[in-house]
Participant: 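Please find one structure pasted underneath; my questions will follow.
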Amino acid sequence: VAPDLGAEVAPQGCDVFPLAAAVAWLAARQLVMALDGGGAVRAFLEDVAATAAQCAAGDPVLASIGSELAKVHGACAEATAWLQATMRSSPYEALPGSQPYLQMMGLLAGGFYLARGAIEARRLMGHAGQDAAFLSTRICVAQFFAEQLLPRAVGLLGPVTRGGGGPFQLGAAEIGL
């Protein structure tokens, strides 16, 4: 019979949330500030914008992918600019936006790489020796992600840029900890 280790595993009063929030903040800080002052994330956003434009110039399916990618690119660029400015002036104000920012950028990265795959799949369609069913599936998956999942990232702009007010001002005693 295994002993119940529930009480022994976490010390009294230990809360995982502050640790998770700190890790998210550090990860977001690295992404938007990094060693190059945020140049890596700016370069990534430029690549996304170019891919969205390339999709927009394609057939209706690629154009739909490009349209959604462009919308999310705009939201992520705005969130990045806000976080860069806020992390310099008031890091604690930026802390609550760190986790939703990472979600935004994860969705954007997924949409970006799927869009690039769809562009290449469309280019290869009709070439001899290519698996048309596979290439068609690549395009369909990219379209699904762009139209069904990617728009969620735009909704995260508010939580990223809202700052440290509201419920984030409450102390441990005020919420019963």
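Note that the structure is predicted; figures quoted are calculated from it, not measured. In what follows, residues are counted from 1 in the order of the sequence shown.
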Participant: According to a 4.5 Å side-chain heavy-atom criterion applied to Ile, Leu, Val, Met, Phe, Trp and Tyr, with indirect links allowed, do Ile119 and Leu45 form part of one hydrophobic cluster?
Facilitator: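 No, Ile119 and Leu45 fall in different hydrophobic clusters.
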Participant: Closer than 3.5 angstrom, by distance alone: can the side chain of Ser90 be matched with the main-chain N or O of Thr86 as a donor-acceptor pair?
Facilitator: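 Checked: no pair found.
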Participant: To the nearest 0.5 Å, how far apart are CE in Met104 and CD in Glu78?
Facilitator: 8.0 Å
Participant: State the CZ-CG distance between Arg122 and Asp59, to the nearest 0.5 angstrom.
Facilitator: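 The CG atom of Asp59 is 4.0 Å from CZ of Arg122, to the nearest 0.5 Å.
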Participant: Just how far is it from atom CZ of Arg42 to atom CG of Asp47, taken to the nearest 0.5 Å?
Facilitator: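 Arg42 CZ to Asp47 CG: 13.5 Å, rounded to 0.5 Å.
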Participant: Does one hydrophobic cluster hold both Phe144 and Val154, with members joined at side-chain heavy-atom distances below 4.5 Å?
Facilitator: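 Result: yes, single cluster for both.
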Participant: Flag yes if Met105 and Val48 sit in one hydrophobic cluster, no otherwise; membership is Ile, Leu, Val, Met, Phe, Trp, Tyr, and two members link when side-chain heavy atoms are under 4.5 Å apart.
Facilitator: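 Met105 and Val48: one cluster.
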Participant: Where is the tightest heavy-atom contact between Leu69 and Gly111, given as atom of each residue plus distance?
Facilitator: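 Nearest heavy atoms, Leu69 then Gly111: CD1-C, 3.9 Å.
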Participant: Going through the distances and angles, do Ile139 and Val61 end up as a side chain to side chain contact (heavy atoms under 4.5 Å, CB included)?
Facilitator: CA-CA 8 Å; Ile139 295 167; Val61 172; 3.7 Å; yes
Participant: Could you check if a side-chain atom of Glu147 sits within less than 4.5 angstrom of a side-chain atom of Ser64, using non-hydrogen atoms only?
Facilitator: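 They are in side-chain contact.
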Participant: Kindly work out whether a path of hydrophobic side-chain contacts (I/L/V/M/F/W/Y, heavy atoms less than 4.5 Å apart) joins Val41 to Phe112.
Facilitator: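 Val41 clusters together with Phe112.
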Participant: Which pair of non-hydrogen atoms, one from His73 and one from Ala49, has the smallest distance, and what is that distance?
Facilitator: NE2-CB, 3.7 Å
Participant: State whether the side chain of Ser67 and the backbone N or O of Ala63 hold a donor-acceptor pair below 3.5 Å, judged by distance alone.
Facilitator: no
Participant: If you group Ile, Leu, Val, Met, Phe, Trp and Tyr by side-chain heavy-atom gaps below 4.5 Å, do Leu135 and Leu114 land in one group?
Facilitator: no
Participant: Might you point out which heavy atoms bring Ala70 and Ala52 nearest each other, and give the distance in Å?
Facilitator: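 Taking every non-hydrogen atom into account, N-CB, 3.9 Å.
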Participant: With rounding to the nearest 0.5 Å, note down the distance linking CZ in Arg123 to CD in Gln130.
Facilitator: 8.0 Å
Participant: Which atom pair, heavy atoms only, marks the closest approach of Met125 to Ala132?
Facilitator: SD-O, 4.0 Å
Participant: Is it true that a side-chain atom of Arg138 and a backbone atom of Phe134 form a donor plus acceptor pair closer than 3.5 Å?
Facilitator: no
Participant: Any chance you could measure Glu93, atom CD, to Trp82, atom CH2, to the nearest 0.5 Å?
Facilitator: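 Answer for the CD-CH2 pair, Glu93 versus Trp82, is 5.5 Å.
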Participant: Which pair of non-hydrogen atoms, one from Phe44 and one from Leu108, has the smallest distance, and what is that distance?
Facilitator: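 Closest approach of Phe44 to Leu108: CE2-CD2, 3.8 Å.
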Participant: So Leu156 and Tyr101, side chain to side chain contact (heavy atoms under 4.5 Å, CB included) or not? Walk me through it.
Facilitator: CA-CA 7 Å; Leu156 293 169; Tyr101 178 74; over 6 Å; no
Participant: In Å and rounded to the nearest 0.5 Å, what is the CG to CG distance from Leu102 to Leu107?
Facilitator: 11.0 Å
Participant: Looking only at non-hydrogen atoms, find the nearest pair between Thr51 and Ala115 and report the distance.
Facilitator: CG2-CB, 4.0 Å
